[in-house]
Amino acid sequence: MSGAQGGRTVLRRELLTVLRTRAYLALGVGYAAVVVGAAWFSGGAKGGYLPTASSLTTPTEILVPVVAFALGYRVVLTDRSTGELDVLRTYGLGRAEYVLSLYAGRLVALSVVLVAPLLVVGGLVWTQSGPTITVIAWHGGVDSPLLLARFAVLTVAFGAAVLSVAVAVSAVSGTVRTALALAVLVWVALALGADLGVIAGVVTESLGDEAVVWLTSLSPNTAFRGLVLETVVGVASGGVRATSVPASVLSLVLWTVAPLVVAVRKVWK
Amino acid sequence: MNQYGYVRVGGIRWQVKPNRRVTVAVAVCLVFVVGVFVVDPGTTPEPVSFEDTVQIGMSDAGMREAEFEGYEVPSAQVFYSQYSFVVGYTGLESFARNVGERRYERVWGVPTKAYVTDFSGTQPSPVGAGFVETSTDPEWTDASDARYVVGAGPVVAFSSEEDARLYADEYGGKVRGYTGVLETEFEEPDIEKAADEVIAGRSRTADEKVRKTHRLLSRNVSVVVGEEHETVQSAVDAAPPNSSVRVPEGVYREHVVVDKPVTLVGEGDARIVGYGNGTVVTVESDGVAVSSVSISGVGNATRGEPMRGGGWDETIQEAYGRSDAAVLFNETERALVHEVTVDTSTTGVLFSEVDDGVVAGTTVNGTEEWVNGFMGVLAIRSPVVVQNSTFNEGRDGVYSHASDGLVVRRNVMRDGRFGVHLMYTSETLIRRNEASGGAIAGIVIMTRPTSNYIVGNEVRDSRNGLSTVGSRSYFADNVLVNNTNGLRMGARASVFTRNVMLGNRYGASASTVLPSNEVTRNDFVRNEVQVTSAEGAMRVWGGNDDGNYWSNAPPGANVFRPTDRVDSSVTSTDGMVTFRRSTAYSLLHGLDTVVPGMRSGGVVDEDPLGKPAVYDRNTTEDTE
Amino acid sequence: MNKTESAAVLEANDVSKTYGELEVLKDVSMEAERGRVYALIGPNGSGKTTFLKILAGLLPPDSGEVLRRTGGAERAVGYLPQQPSFRDGFTVAETLRFYTRLLDEKMGDGYVSEALGDVGLSDASDRHVSGLSGGMTRLLGVAQSRVGNPPIMVVDEPTSGLDPEMTGRIFETLGGIADDGTAVFLTTHDLDRVARHADEVVLIHDRRIAGSGSPDEVVNEHEAESLASVFDSVVRGGGRG
């Protein structure tokens with residue numbers, strides 16, 4: 001028996017599970033509605049790809065963890081409580097194989113949920129933006145669908161990191177209640193805690209100014225926000241950096257890998 | 001990894017049988033992910049037709065003159081990273097000043113590409129007023145590769161270093177590179193900081209003209225009409241130069257031509273009544289004053305042959321500068337109209353090519369319907385002073401054409417078309433006038449002039465209060481009450497400060513497509529719609545603790561979006577505040593001022609004031 | 001069964017297990033052969049399930065060893081947890097197909113329908129698992145635990161909560177599986193069924209095996225009337241054993 005075969009089977013089942021769970025479908029539709037609505041009602045879509053991406057940054061930062069947690073916080077837990085984990089082990093499935101396949105399956109689903117509305121938004125911008133005054137030469141500034149594509153890639157990378165955290169939460173939790181509490185705790189810590197901490201440090205001058213740019217790589221949220229500001233919004237402006245790109249990329253990679261390692265170690269002994 | 005190799009993940013040996021489809025899909029994803037960050041989203045735009053750019057720099061008058069004479073104005077066109085339109089600079093000085101100006105960078109982003117007019121091979125020579133004479137039309141060249149000659153008339157760009165050096169040698173300038181020219185300090189003081197000085201300077205110049213002309217009122221009386229000479233004309237003919245002709249109470253039916261430096265002084269109800277065709281008093285000499293008479297019986301003609309043919313504005317002069325008037329000064333100096341009352345269906349006082357002209361304490365009554373009337377004071381290429389006068393009805397209170405340096409102060413304009421109407425006129429001071437009932441506007445500026453100072457005026461009950469275009473101008477301390485449109489901000493690179501917009505249908509309209517104004521400490525008080533904005537870009541005002549006061553802003557708001565439906569009705573619609581404070585609203589608008597130049601319309605005040613900057617309920621009230 | 005296969009397929013030697021302070025198993029040893037049904041009985045908390053999981057290899061013993069002589073079997077141990085439940089949103093056939101593919105992606109639908117037939121679920125193959133009765137869910141679990149024909153099958157409380165008819169079906173099915181050459185381990189409280197269907201009874205009490213052998217042997221050894229009275233005397237009688 002080859003490991004890849006068991007992994008592929010688990011991955012396929014995860015995909016089918018997501019596809020067949022109405023709640024996830026509703027989640028995807030709801031998320032898409034918010035993203036498309038935000039792009040439209042913030043006025044971004046009429047401006048161009050860059051203003052749209054900048055308008056979507058905050059909603060994305062808040063909602064992506066919600067979607068990722070919803071998709072991931074129970075995956076391991078459910079299999080454990082039904083005895084499924086024990087069953088799967090008798091099929092020779094390894095811990096890494098199981099966790100990574102589970103993760104990969106959910107990640108594919110998450111990516112679709114995150115990218116699909118951005119395609120719609122891209123279409124909106126394509127049709128809605130453009131010269132509002134036709135007698136004046138219009139060049140649109142430094143704007144390109146490429147910038148929205150960058151935003152999409154960063155969104156998926158951010159989602160991948162948070163999904164990984166969610167899978168780890170589900171792997172270390174014994175009950176749904178614990179998992180839910182942990183998920184909420186982690187979400188608050190990511191969405192607010194890290195920033196509050198850094199801001200408090202800056203305000204009280206316990207953090208030096210030279211530390212600030214590195215602290216932008218602290219949480220997946222700050223890394224995502226910094227990367228969007230730097231590589232999407234920042235292309236149209238000069239001046240100070242929003243983040244260190246290599247450090248934030250590394251941060252997202254670590255936030256993706258480390259929780260998965262934890263999940264692999266904790267899923268069973 | 002061989003065909004049946006393994007990879008080690010999570011401490012476990014994974015047998016991997018490579019699947020061609022999966023491998024290809026993963027590779028495509030990787031290329032995409034890396035590719036979108038590697039590929040430069042910017043494109044290199046080609047130069048556009050200069051007429052299609054949003055222009056800033058030289059006034060329309062200057063541009064028209066250049067066109068008429070066949071001169072070139074060294075120009076630049078700049079593509080900014082965050083601004084959707086192409087910005088055109090007439091005059092490379094203005095280009096050099098504005099590129100890198102932090103206040104603009106915030107709104108427009110950084111220049112991604114700039115082109116300048118290339119004078120290589122055009123045999124250029126400077127001809128003054130910012131113009132260059134050439135043998136052929138210049139093409140566009142990349143600004144960052146060009147060489148610039150500074151200090152020999154206007155800054156001129158060349159694609160060839162050799163040509164630049166020859167030009168510099170011949171006309172006495174220095175050759176600079178792109179960064180060199182950007183670092184050159186071109187004198188242009190901060191409008192706001194220099195405002196008091198500019199206003200004081202222009203007031204002094206006006207005071208000097210007033211003093212100089214009012215001396216004419218102290219001439220000795222040499223002839224009294226009615227004693228030896230029955231008509232004013234014969235008295236003028238008889239009077240020696242530099243004396244006064246006294247006009248006693250009575251009605252004098254005649255037209256007068258004053259061709260020597262004398263002063264006409266009325267006594268009691270002295271009326272000069274024309275024949276109803278042509279101009280009543282025609283002045284053809286320097287040093288003439290008309291005082292304390294009333295004049296009527298002016299002709300109906302508003303058009304005629306230009307007095308001096310040839311210029312770029314010939315047709316304008318023909319259309320406006322040759323109308324019948326109560327008093328006409330034609331190319332004369334030291335001209336004064338003092339405490340004169342005019343009833344006219346055309347023009348009151350017409351100055352043509354007069355520098356030291358003054359209208360003071362005078363009343364001009366025009367036609368009831370403005371379409372039938374003409375101008376109270378008409379200044380053609382005449383930087384005159386109009387003060388303490390009243391203009392009732394008729395078309396425009398004061399109309400100026402190409403009269404750079406005009407001063408209009410402390411006048412009252414009622415019920416005409418425009419109170420003050422500036423055409424091709426720069427460097428004016430329009431101060432402390434009161435206009436009301438303007439069919440179209442209180443004070444209106446047209447044809448993109450520069451450096452006009454419109455200060456302390458009050459306009460009520462007109463269709464438009466103060467209507468602006470042009471650049472580097474200063475609009476301060478004006479009070480605009482109960483007009484349909486209070487303030488029309490068509491001007492660019494200008495300062496709007498301490499103006500009060502009160503009870504107008506529309507308080508202000510940010511109408512220029514080039515957001516480049518400083519809009520600070522203005523009071524928007526109870527206008528039905530506080531502000532509207534044209535498409536083109538989002539206007540971000542404030543940012544330095546110096547935003548504006550909005551009577552409909554919630555107390556303590558640290559950002560206010562007066563054009564936003566939710567924000568602007570927070571204080572008037574029950575419940576709206578709950579949604580204004582929602583996470584959703586914050587999410588929608590969290591980063592919307594990040595790239596204002598690429599957004600579509602709207603005004604955001606980043607530092608709304610908690611209380612009015614100047615408006616005081618006790619001193620300024622609605623007329624309703 | 002040929003002779004070589006009659007050798008012990010599973011051998012537990014001196015297995016001990018402690019959870020924190022609580023010692024659950026102490027030096028427990030046993031051997032098992034293919035083709036037989038082993039019923040682990042004992043009171044609640046006696047360590048039946050722990051022992052079962054150790055036998056299945058799902059739980060490492062603190063000391064001692066478990067040897068499984070499963071040769072080249074594709075799957076060494078089949079396992080059916082207590083109260084199994086399956087992923088929502090899939091049919092019975094899809095669910096079984098998932099498990100077969102874990103072993104062999106190319107295993108055909110023929111295997112799946114045959115396996116469902118073996119446990120009597122042919123008619124239910126297109127039903128969703130969430131709509132199955134407790135008994136049918138258990139039968140599907142049995143089918144799952146059989147995937148890959150493991151020589152050892154470990155079944156935890158397969159009949160708890162089931163009606164007598166379904167209990168009977170489960171025991172018959174498990175018996176059939178044993179007859180096909182599998183060593184079947186199960187835990188249960190249904191001592192009547194054990195007496196009828198088990199080949200060997202393993203009575204676990206007070207951390208050890210308090211008695212083992214065929215049901216008749218155990219009854220005879222304790223001079224009792226039935227397994228239930230054996231159970232009563234061992235468990236209630238405390239020190240007498």
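Every chain is numbered from 1 and lettered A, B, ... according to where its sequence line falls, protein lines coming before strand lines. Reckoned from all heavy atoms, side chains included, excluding hydrogens, waters and symmetry mates.
The distance from the CD atom of A/E84 to the OH atom of C/Y99 is 3.0 Å, given to the nearest 0.5 Å. Between the CZ atom in A/R89 and the OH atom in C/Y79 there is a gap of 9.5 Å [rounded to 0.5 Å]. Separation of atoms CG (C/L102) and CZ (A/R13) is listed at 7.5 Å; rounding is to 0.5 Å.
Residue C/Y111 qualifies as enclosed at atom OH: its count of foreign heavy atoms under 6.0 Å is above 12.
Between chain A and the options C/Q82, C/Q144, C/Q83, the largest number of non-hydrogen pairs under 4.5 Å is found for C/Q144.
For A/L16, the parts lying under 4.5 angstrom from a heavy atom of chain C are both the backbone and the side chain. Only the side chain of C/E94 comes within contact range of chain A, with heavy atoms under 4.5 Å apart.
For C/R101 (side chain) and A/T9 (main-chain N/O), no donor-acceptor pair under 3.5 Å exists by modelled atom type.
C/E105 has its side chain within reach of A/R12: a pair of non-hydrogen atoms, C-beta onward, lies under 4.5 Å apart. Looking only at side-chain heavy atoms (C-beta outward), C/P81 and A/D86 stay at 4.5 Å or farther from each other.
In this structure, C/R75 forms a cation-pi arrangement with A/Y91, its terminal cationic atom sitting closer than 6.0 Å to the ring centre and no more than 45° off the ring axis.
Among A/V87, A/L85, A/T90, the one residue that satisfies the side chain to side chain contact (heavy atoms under 4.5 Å, CB included) test with C/L58 is A/T90.
Between A/D79 and C/R87 there is a salt bridge, since at least one side-chain N of the basic residue sits less than 4.0 Å from a carboxylate O of the acidic one.
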